[in-house]
Amino acid sequence: MTAPADILFTNADVHTLEESDRTAEAVAVRDGEVARVDSAYEVEFLDGVETEVVDLGGRTLLPGFIDAHTHLQHLGRSLVYADLSGADSPTDAVERVADAADTDREWVLGFGYDESTWDDSRYLTRADLDRVSEERPVAAFREDMHIAAVNSVALDRYGDEMPDADVKAEGGEPTGVIVEEAVDVVYEAIEPDAAEMRELLEAAQREANRKGVTGVHDMVRNSRAPEVYREMDLDDDLSLRVRLNYWSDHLDALIETGLRTNHGSEFVAVGGVKTFTDGSLGGRTAKLSEPYADADGETGQWVVDPESLRAFVEEAADAGYQLTAHAIGDEAVREVLAAYDDTDDPGEARHRVEHAELTDDDALDRFADSGAVASVQPNFLKWAREGGLYDDRIGTERRERSNRYADMLEAGVNLAFGSDCMPLDPLLGIHQTVNAPADCQRLSVTEAVRAYTGGAAYAGFDEDRLGTVEPGKRADFTVLERSPWDHPEAIEDIDVAMTVVDGEVVYDGR
């Protein structure tokens with residue numbers, strides 16, 4: 001006799017996202033695993049004395065969203081400190097930072113501003129933040145995390161540690177705008193202790209679950225995040241699955257301790273080792289083959305030069321690690337794929353290119369031939385519309401050929417979606433690509449949802465246990481108030497009704 005289920009989700013529009021994307025009415029879960037997906041009538045046979053039955057009232061049930069590129073520590077900071085993502089002007093952003101000065105913390109911090117949406121489209125400056133405090137260090141971070149503004153106190157205290165080239169100046173005086181390695185100096189200065197890190201990660205986890213996220217690939221650097229995640233796992237306080245992608249400067253420690261890609265528990269596992277190549281389009285530091293449209297002759301900069309990149313890729317690949325390399329400009333993407341081509345089997349290792357915002361036809365072919373994963377962020381398409389950030393930075397022609405997700409799928413590229421926490425919101429990203437301005441960017445609802453479920457699972461070696469709703473897979477689900485297939489023009493407005501991880505309801509917004 002078949003054992004009864006622990007929980008039944010019924011009266012639902014279940015999209016399994018298997019190859020055929022068959023639909024069903026109900027799902028039975030036993031011991032955190034999908035036991036049956038079928039009609040409501042058939043699944044009712046698994047209803048036992050102690051079975052919990054959840055009537056979803058016709059809502060849409062999907063595999064749980066997996067965000068393949070996050071920074072939960074930074075998301076937590078925007079929730080605990082000043083959230084600048086909604087600021088509509090420099091004045092508004094500064095006021096939000098000033099509101100955070102009421103705490104007794106040493107630093108006054110704000111996170112996530114995007115000046116490209118402002119009428120006064122400029123970076124925040126030292127003069128702006130000096131209005132917040134002339135006694136305490138103040139920093140405001142742009143959404144891409146490659147650019148920040150600091151006040152005079154912070155510059156006086158840490159300026160000597162910052163590379164001159166990464167401290168922007170006018171008339172020989174620093175403006176307070178800093179990029180790349182100069183920003184790293186501030187990150188190191190504000191690194192939280194274990195107690196604060198737990199506060200940040202718990203806040204970020206709640207927000208992730210509210211957005212329907214059941215798993216993340218978190219990019220961690222010189223932080224206590226891995227230690228805190230493992231403590232949360234031991235304390236049974238994790239409500240999402242975490243794949244840790246360590247920065248390149250962790251490689252020696254990883255080798256010495258014996259940690260390798262895919263080591264870990266059901267909820268916390270080692271992912272890849274992350275390196276950089278270039279910067280960001282917003283900061284004009286992404287490495288391009290042709291100059292920026294709004295900066296005479298500039299083509300960006302190498303954060304890690306090609307020779308150093310190849311040496312690191314060789315060392316990490318020989319040690320058995322998956323690689324995740326940040327590359328935004330077409331020149332940077334080209335160099336990463338060339339470095340991967342020199343490894344034994346980039347497809348089997350599932351080496352990843354993070355972002356890949358600009359890719360030419362040759363790069364698409366090399367992606368497909370190598371089997372490397374394109375770990376991309378569909379929410380970035382918010383900048384790809386006429387008059388947006390891409391228009392300013394790279395001009396209309398390149399804007400219309402940015403983030404070529406449809407071309408990638410057609411070429412046979414392994415596509416995984418994530419958010420980079422800009423913002424963490426899978427439905428926003430799915431909306432952007434379903435309604436993208438150019439054919440080469442636009443995906444169907446099914447293709448876009450698959451990239452945020454099965455595609456992200458594949459990028460994390462998890463396709464055998466996650467990414468679809470079928471018997472034998474873990475019971476990780478996202479339940480939506482409305483079907484994105486029925487409302488493709490308004491996916492970003494659909495609310496998450498419920499999030500289920502390992503058969504446990506971790507968020508219920510019904």
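For the numbers below, each heavy atom of this structure counts, side chains included, while hydrogens, waters and symmetry mates do not. Quantities reported herein were computed from a predicted structural model and do not represent experimental measurements.
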May I ask you to establish whether Arg350 and Tyr458 are in a cation-pi arrangement, using a distance under 6.0 Å from NZ or CZ to the six-membered ring centre and at most 45° from the ring axis?
yes

Side chain to side chain donor-acceptor pair (under 3.5 Å) partner of His326, the single match among His355, Glu354, His69, Arg352
His355

Determine, for Arg310 against Glu314, whether the closest basic-nitrogen to carboxylate-oxygen distance falls under 4.0 angstrom.
no

Residues Asp362, Arg334: salt bridge by 4.0 Å N-O rule:
no

Around atom CG of Asp235, are there more than 12 heavy atoms of other residues, nucleotides or ligands at under 6.0 Å?
yes

Salt bridge Asp249-Arg221, side-chain N to carboxylate O under 4.0 Å:
yes

Side-chain ion pair, Arg465 and Asp462, N-O less than 4.0 Å
yes

Report yes or no: is the cationic atom of Arg210 (NZ for Lys, CZ for Arg) closer than 6.0 Å to the six-membered ring centre of Tyr507, at no more than 45° off its axis?
no

Is it true that Arg450 and Asp21 have a side-chain N and a carboxylate O under 4.0 angstrom from each other?
no

Considering only heavy atoms from C-beta outward, does the side chain of Val333 approach that of Glu335 to under 4.5 Å?
no

Do Arg59 and Asp13 sit within salt-bridge range, that is, some charged N less than 4.0 Å from a carboxylate O?
no

Distance from Asn414 atom CG to Ser375 atom OG, nearest 0.5 Å?
11.5 Å

Atom CG of residue position Asp193 - does it have more than 12 heavy atoms of other residues, nucleotides or ligands inside 6.0 Å?
yes

Return yes if a side-chain donor-acceptor contact under 3.5 Å exists between Ser402 and Trp383, otherwise no.
no

Parallel, tilted or perpendicular: which one describes the rings of Phe45 and Tyr41, with boundaries at 30° and 60°?
perpendicular

If you measure from the Lys or Arg side-chain nitrogens to the Asp or Glu carboxylate oxygens, is any gap between Asp330 and Lys287 under 4.0 Å?
no

Rounded to the nearest 0.5 angstrom, the CD-CZ distance for Glu180 and Phe276 is 7.0 Å

Count the heavy atoms belonging to other residues, nucleotides or ligands that lie under 6.0 Å from CD of Glu256, then report whether that count exceeds 12.
no

Please step through side chain to side chain donor-acceptor pair (under 3.5 Å) for the pair Thr10 and Asp55, ending with a clear verdict.
CA-CA 5 Å; Thr10 190; Asp55 186 332; over 6 Å; no

Note: Arg474-Asp476 ion pair, threshold 4.0 Å (strictly below):
no

Would you mind checking if Lys473 and Glu470 are paired as a salt bridge, meaning a charged N to carboxylate O distance below 4.0 Å?
yes

Does any pair with a residue in residues 24-37 pass side chain to side chain donor-acceptor pair (under 3.5 Å), and if so which ones, sequence neighbours excluded?
Arg36-Asp38, Arg36-Glu42

If you round to the nearest 0.5 Å, how far is CG of Leu46 from OG1 of Thr2?
6.5 Å

Tell me whether Glu410 at atom CD has more than 12 heavy atoms from other residues, nucleotides or ligands lying less than 6.0 Å away.
no

Leu238 side chain reached by Val268 side chain, heavy atoms, under 4.5 Å
yes

Less than 6.0 angstrom from the centroid, inside 45 degrees of the normal: does Lys382 satisfy that with respect to the ring of Phe380?
no

Can you tell me how far apart CD (Gln377) and OG1 (Thr70) are? Round to the nearest 0.5 Å.
10.5 Å

Can a side-chain donor-acceptor contact be found between Ser20 and Glu18 if the only test is distance below 3.5 angstrom?
no

Positive for side-chain contact (heavy atoms from CB on, under 4.5 Å) with Met498, one of Leu61, Asn209, Val505, Val506
Val505

Sequence neighbours excluded, every pair satisfying ring pair (Phe, Tyr, Trp, His ring centres under 6.0 Å) that has a member inside residues 413-443:
Tyr405-Phe417, Phe417-Tyr452

Are the charged groups of Asp369 and Arg366 less than 4.0 angstrom apart, N to O?
no

Is any NZ, NE, NH1 or NH2 atom of the basic residue among Arg404 and Asp361 found under 4.0 Å from an Asp or Glu carboxylate oxygen of the other?
yes

Hey, what do you get for CG (Asp345) to NE2 (His351), rounding to the nearest 0.5 Å?
8.5 Å

